[in-house]
Number of protein chains: 2
Amino acid sequence: MTRLDHPATATGDAERDRRAERILDTASELLVAWGYRRVTIEEVARRSGVGKGTVYLHFHTKEVLFLTAVMRAQSVMTERLLQDMRADPARILPSSIARSIYLRIHEEPIIRAILTGDTDTLGTLSRTAPDHVGDLLEARERTLDTYFEVLREHDLVRTSPPVHLQRHALSAVLTGYLVIGPLTPYSTPDTETAADMLAHTVRSSFETGHHEDRLNEAVPRIIGLFQGLLERMNEEISRQKLT
Amino acid sequence: MTRLDHPATATGDAERDRRAERILDTASELLVAWGYRRVTIEEVARRSGVGKGTVYLHFHTKEVLFLTAVMRAQSVMTERLLQDMRADPARILPSSIARSIYLRIHEEPIIRAILTGDTDTLGTLSRTAPDHVGDLLEARERTLDTYFEVLREHDLVRTSPPVHLQRHALSAVLTGYLVIGPLTPYSTPDTETAADMLAHTVRSSFETGHHEDRLNEAVPRIIGLFQGLLERMNEEISRQKLT
DNA sequence: TCATGACCAAATAGATCATTTGGTCATGAA
DNA sequence: TTCATGACCAAATGATCTATTTGGTCATGA
């Protein structure tokens, strides 16, 4: 429970930022464990080793605090996707991305809650999110559209359906695999197997046989695209962290 | 409001059965409009033009009444699928079935509620269903497994993944398309378009290029299969209708 | 300068009471 | 005798009021 002997004034931006991160850590942890409604700011403050008022020096409201926690989780996931892409060009393909997201979600319950619209843990957050970070959500949509356009230009995905339909289809399939588990009372395959099936589904319904060359050509653009989204997210996150 | 001048004792099984159907009609209607929790047996009785006690002459409990209503809706849907299959062999393919189910669900809110696990309209039904009709649910799983096996024997679907994984994948994709609509706050394509995308997804990830002959060979077996399931459902339905 | 916890209004949870509802069964019509 | 019915009951649900908690502020003091 006891933190620093001297909970002294945070000297410098560095210390201050570390404290903000600690608060976000606590918020994330409690969000998953208790659900938005049941977590109090005071508890977050206590577990973060700061006073209650201090939390409000970092985040406008409870809502903003938890939304930021959620955004940070997504930012981290995007960063991982980027790492993967840099290591292996094939990782830019939708099937690989879907697979990674699916697997990651099984160890990051926050993101699962977002994507599946889990109202118990998210509470009213799911309603109010668009009011606070609507721009970001739109940006994500646009990024995905451009993503498919780029893939298309390099003959890596089918060209038959319009781009926005492909995006919709990808969301639908991914969501389906995520939601089906808790929904059906009966036998579900283990995570790894399901992830492979998901990748198979996405691959066969979106992608073409890939040419190694065309793939490599596309990599920088795709990476740039997601890098842009990542920066947009981080920007939004630090915008929420006050002063 | 007024029904027969003579709400007389139901003479013969025919009249009695008509009355049961009327009660099921009312129950279905109110289930969709109000949700399980808010519907009272008395209201169902009033709207069906019978006394409250009479409802209990037909169905053991409130739960059983509404479960039967739900089963009947599924039975009707299965019947339609069978009609389609008889009219056109290609309708036995998973892509076509998925498409039909998806479209039908947009005009049959009951079934949507089931498949998407809509807890607001279904209430506690979703939890308790397996206790009452667990056998039927298992039968449906087995039927789907056999369905894929038959398709496989006629070279109509891929043979790479195990059958039960294919079933799981089909459920996942269909569920995804169903759930994604209410979930995402943003642009969704219109029903018909989404249905086509769904069919495309299912076709490209499960089916092979179909030989007309092989298709026709499979038709009778597939139809028999679903016919069996249909009978199993109707059997369960009439088992619930008392005496 | 800046972290803090007492403080306030508003929301939530608890407790108590009134109403409704699922399910039964004695009654009476046919 | 057969069978539909609505009064009836215990249990669940909802309404209402009170006590507590909680999000958010700000005077205080390190």
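In what follows, chains are A, B, ... by sequence order, proteins preceding strands, each numbered from 1. All values below come from the heavy atoms of this structure, side chains included, with hydrogens, waters and symmetry mates left out.
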Relative to B:Tyr36, does B:Lys62 satisfy both conditions: NZ or CZ under 6.0 angstrom from the six-membered ring centre, and within 45 degrees of the ring's axis?
-> yes
Would you mind classifying the nucleic acid contact of A:Val39 as base, sugar-phosphate or nothing, using non-hydrogen atoms under 4.0 angstrom?
-> sugar-phosphate
B:Arg46 CZ to C:dT20 C1': how many Å, rounded?
-> 13 Å
Assess the side chains of B:Thr54 and B:Arg19: does a donor N or O sit below 3.5 Å from an acceptor N or O?
-> no
Rounded to whole Å, the CZ-P distance (B:Phe66 to C:dT21) equals 12 Å
Scan side-chain atoms only and decide if B:Ser28 and B:Asp25 contain a donor-acceptor pair under the 3.5 Å cut-off.
-> no
Between B:Tyr147 and B:Phe226, ring centroids under 6.0 Å | yes
Between C:dG5, C:dG23, D:dT5, which nucleotide has the shortest distance from any of its atoms to the side chain of A:Lys52?
-> C:dG5
Expressed in angstrom and rounded to an integer, what is the separation of A:Glu42 atom CD from D:dT21 atom P?
-> 11 Å
Starting at atom CD of B:Glu63, determine the distance to atom P of C:dT21, rounded to an integer number of angstrom.
-> 18 Å
Using a cut-off of 4.0 Å on non-hydrogen atoms, how would the nucleic acid contact of B:Thr54 be classed: base, sugar-phosphate, or nothing?
-> base
Shortest side-chain distance from A:Thr61, nucleotide among C:dT21, D:dG24, C:dG23 = D:dG24
Rounded interatomic separation in angstrom, taking CZ from B:Arg38 and P from C:dT20 | 17 Å
Can you check the B:Glu43 CD to C:dG22 C1' distance for me, whole Å?
-> 15 Å
Which nucleotide, in any strand shown, forms a Watson-Crick or G-U wobble pair with C:dT12, with both distances under 3.5 Å?
-> D:dA19
OH of A:Tyr56 versus P of D:dG24: gap in Å, rounded?
-> 4 Å
With the side chain of A:Lys62 defined as its heavy atoms from C-beta on, choose the nearest nucleotide among D:dG23, C:dA3, D:dT5.
-> D:dG23
Which is true for B:Val44 with a 4.0 Å heavy-atom rule: it touches a base, it touches only sugar-phosphate, or it touches nothing?
-> nothing
Derivation of the side-chain hydrogen bond (donor to acceptor under 3.5 Å, both in side chains) call for B:Thr26 and B:Arg46 = CA-CA 10 Å; B:Thr26 309; B:Arg46 179 159 50 247; over 6 Å; no
Rounding to a whole Å, what distance do you find between B:Leu57:CG and D:dA4:P?
-> 6 Å
Residue B:Arg19, side-chain atoms from C-beta onward, closest of D:dA4, C:dT4, C:dA3 = D:dA4
Which base, if any, makes a Watson-Crick or G-U wobble pair with C:dA3, both distances under 3.5 Å?
-> D:dT28
